[in-house]
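One structure below.
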Amino acid sequence: MTGTACRVCAAPLRTFLDLGDHPLSSAFLTPAEALDGAKDTVRYRLAAGQCERCALVQLTGNVPYERRPHQGYPYHSSGSAVMHEHFRAAGLHLLRTELHGARGALGVEIGRTDGVVLRTLAAAGVRPLAFEPSGRCGYGAARVRPDFLTAASAREAVAAEGRARVVYAANTVCDIADLPGLFAGLDELLTADGAFVFEDPYLGEIVRRTAFDQFYDEHRWYFTATSVRALAERYGFRLTGVERLPVHGGQLRYVLTRAGRRRPAPEVAEVLAEEEARGLTGPATLDAFAGRVERVRGDLVALLEALRAAGRTVAGYGATAKSCTVATYCGLGPHLVPYVCDSTPAKQGRVTPGAHIPVRPPADFAAPYPDYALLFAWNHAEEIMAKEQAFRAAGGRWILYVPEVRVV
Ligand code: TMP
Ligand code: ZN
């Protein structure tokens with residue numbers, strides 16, 4: 001596929017963002033692999049467009065997904081206490097809403113997770129089940145189907161377990177290539193009144209914060225209520241609920257139910273109207289966003305070069321997938337950011353994709369503190385700044401680039 005047509009409805013795409021060629025965001029290399037170079041050649045065009053018919057924003061370049069290395073860490077909580085609590089609350093929310101009075105009902109989660117949601121459901125007597133192709137999920141292996149959710153895998157699950165009252169997914173649907181397959185699976189798996197509840201990065205917040213680093217290979221779709229409504233209706237579902245979430249720099253949680261089963265909650269019309277008013281369904285707002293992205297790059301590079309010229313030390317904090325977009329697009333490397341601290345053991349001792357910035361454990365952050373820390377994990381800013389209070393107390397300063405470049 002050339003990437004010029006919408007991968008859902010085949011109408012033309014209008015490209016509004018082109019960040020150049022990028023390595024895969026999960027391609028952390030050993031120092032030897034980085035020197036060798038052979039493992040570091042996979043590149044794709046990081047560009048995004050909006051469908052002129054269904055408004056769905058998507059990557060337009062050909063991303064070599066099949067070559068994506070499988071990392072050995074779960075996406076969800078990133079070692080974050082805030083995210084752990086978020087997923088516990090998500091489980092409790094499902095118990096109060098979709099699973100109310102449904103002891104013994106089947107509750108499904110799709111995507112690699114650390115199991116907090118399913119454990120919360122199971123503690124209240126819901127039967128938990130996960131769909132995750134790698135088979136790795138923080139919940140008990142016996143309750144994981146090593147499959148994508150598709151019509152075929154759903155039929156097998158239904159034969160063994162019955163239908164599900166709720167299917168939940170976080171940070172997963174934005175990464176699923178086969179959306180028709182997903183909806184066919186939901187149709188098989190859900191009870192007549194069942195709901196698909198999913199949450200993903202929200203284009204409205206990405207634009208509001210100029211958070212261009214949310215664009216990377218693993219995020220194929222950048223949803224709005226407008227585009228999710230169109231998507232749902234295409235496959236016989238309806239957008240009947242929407243909720244704003246503060247995590248990961250602003251997400252929306254969507255509730256999809258079968259057409260004709262439920263009336264949309266009032267918030268749905270509110271969010272749709274707001275998206276229309278903000279121009280999220282048309283070109284001007286997205287073009288203005290792309291213009292701000294270029295300005296952030298200019299400001300960030302100028303700041304880091306000035307600090308280097310002044311002999312100040314700088315470290316990165318959080319070797320996020322997002323940081324791959326920032327480093328590649330801005331041309332950052334060890335000359336400007338000599339190392340990055342990250343709590344993920346599988347990343348430590350490696351170098352970041354493309355930029356080859358060495359990843360060190362957080363304990364190294366204080367040994368000694370740099371003068372400035374570039375906060376790549378800005379979505380965890382509150383938690384990290386609280387944890388690293390001693391850095392500020394020692395005179396250190398944080399560099400942020402969302403929504404604009406500033407030193408705090
Ligand atoms: P995420 O933005 O995908 O959640 O990734 C967060 C990254 O930041 C992950 O690699 C772990 C790292 N991190 C830390 O190093 N320290 C922390 O306190 C937190 C919350 C995350
Ligand atoms: Zn479309």
Side-chain angles (χ1 to χ4, degrees), residues 1 3-14 25-26 28 48-58 60 71-87 111-114 170-172 174-175 179-180 200-201 211 213-214 216-224 226-235 247-251 281 315-326 339-348 350 352-353 357 359-366 373-389 391 398 402:
M1 205 179 292
T4 54
C6 174
R7 287 166 203 248
V8 171
C9 80
L13 289 178
R14 189 185 155 279
S25 61
S26 57
F28 288 84
Q50 182 169 46
C51 175
E52 292 179 0
R53 184 193 295 150
C54 75
L56 182 57
V57 167
Q58 52 203 279
T60 55
Q71 294 282 338
Y73 47 86
Y75 178 80
H76 263 178
S77 71
S78 311
S80 157
V82 171
M83 291 311 296
H84 187 94
E85 182 49 33
H86 169 75
F87 288 115
R112 179 113 53 93
T113 89
D114 50 13
N171 305 305
T172 295
C174 65
D175 184 25
L179 291 177
D200 276 303
D213 56 354
Q214 294 279 4
Y216 56 90
D217 51 342
E218 297 188 11
H219 290 171
R220 293 160 199 240
W221 320 109
Y222 302 81
F223 296 119
T224 55
T226 306
S227 60
V228 167
R229 179 181 57 171
L231 183 68
E233 288 175 3
R234 191 175 177 84
Y235 298 108
V247 296
H248 281 311
Q251 300 206 328
T281 52
Y317 204 108
T320 55
K322 295 184 290 297
S323 74
C324 179
T325 295
V326 178
Y339 61 97
V340 54
C341 294
D342 192 285
S343 59
T344 314
K347 295 179 183 175
Q348 293 161 6
R350 297 185 169 242
T352 63
I357 300 172
V359 184
R360 298 195 194 159
D364 284 18
F365 189 51
L374 177 54
L375 186 56
F376 287 121
W378 55 266
N379 48 314
H380 302 291
E382 237 176 272
E383 183 170 2
I384 289 174
M385 287 181 181
K387 190 189 309 190
E388 299 289 2
Q389 273 173 12
F391 168 59
W398 293 101
V402 170

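When reading the values below, keep in mind they use all heavy atoms of this one structure, side chains included, and skip hydrogens, waters and symmetry mates. Both ligands and their constituent atoms are indexed starting at 1 by order of listing.
Where the criterion is an N or O separation shorter than 3.5 Å, residue side chain and backbone included, T320 fails it with respect to ligand 1. At least one N or O atom of K347 sits closer than 3.5 Å to an N or O atom of ligand 1. The shortest N or O to N or O distance between T344 and ligand 1 is under 3.5 Å.
Using a 3.5 Å distance cut-off with no hydrogens or angles, the side chains of Y222 and Q50 do not pair a donor with an acceptor.
Contacts of N379 with ligand 1, taken as heavy-atom pairs under 4.0 Å, involve the side chain alone. At a heavy-atom cutoff of 4.0 Å, ligand 1 is contacted by the side chain of I384 but not by its backbone.
Looking only at distances, no side-chain donor or acceptor of K347 sits under 3.5 Å from a matching main-chain atom of V359. The backbone N or O of G111 lies less than 3.5 Å from no partner atom in the side chain of T113, so there is not a single donor-acceptor pair.
To the nearest 0.5 angstrom, T226 atom OG1 is 12.5 Å from L231 atom CG. Note that OG of S80 and NE2 of H380 are 5.0 Å apart. Values are rounded to the nearest 0.5 Å.
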* **Step-by-step side chain to side chain donor-acceptor pair (under 3.5 Å) determination, W221 to D175** => CA-CA 7 Å; W221 320 109; D175 184 25; over 6 Å; no

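The cationic group of R360 lies under 6.0 Å from the six-membered ring centre of Y339 and within 45° of the ring axis, placing it in a cation-pi geometry.
Close contacts between ligand 1 and S80 involve ligand atoms 20 (C) [criterion: under 4.0 Å to a heavy atom]. Listed by number with element, the atoms of ligand 1 under 4.0 Å from a non-hydrogen atom of H248 are 4 (O).
When ring centroids are compared, F376 and Y317 stay outside the 6.0 Å threshold.
For atom 17 (C) of ligand 1, the candidate residues are K387, M385, Q348, K322; the nearest heavy-atom contact is made by K387.
With sequence neighbours left out, Y235 forms a ring pair (Phe, Tyr, Trp, His ring centres under 6.0 Å) with F183.
Contact annotation: M83 has no heavy atom less than 4.0 Å from any atom of ligand 1.
Counting only protein N, O or S atoms closer than 2.8 Å to the Zn ion (ligand 2) gives 4.
Two residues are said to be in side-chain contact when any heavy atoms from C-beta on lie closer than 4.5 Å; C174 and R220 fail this criterion.
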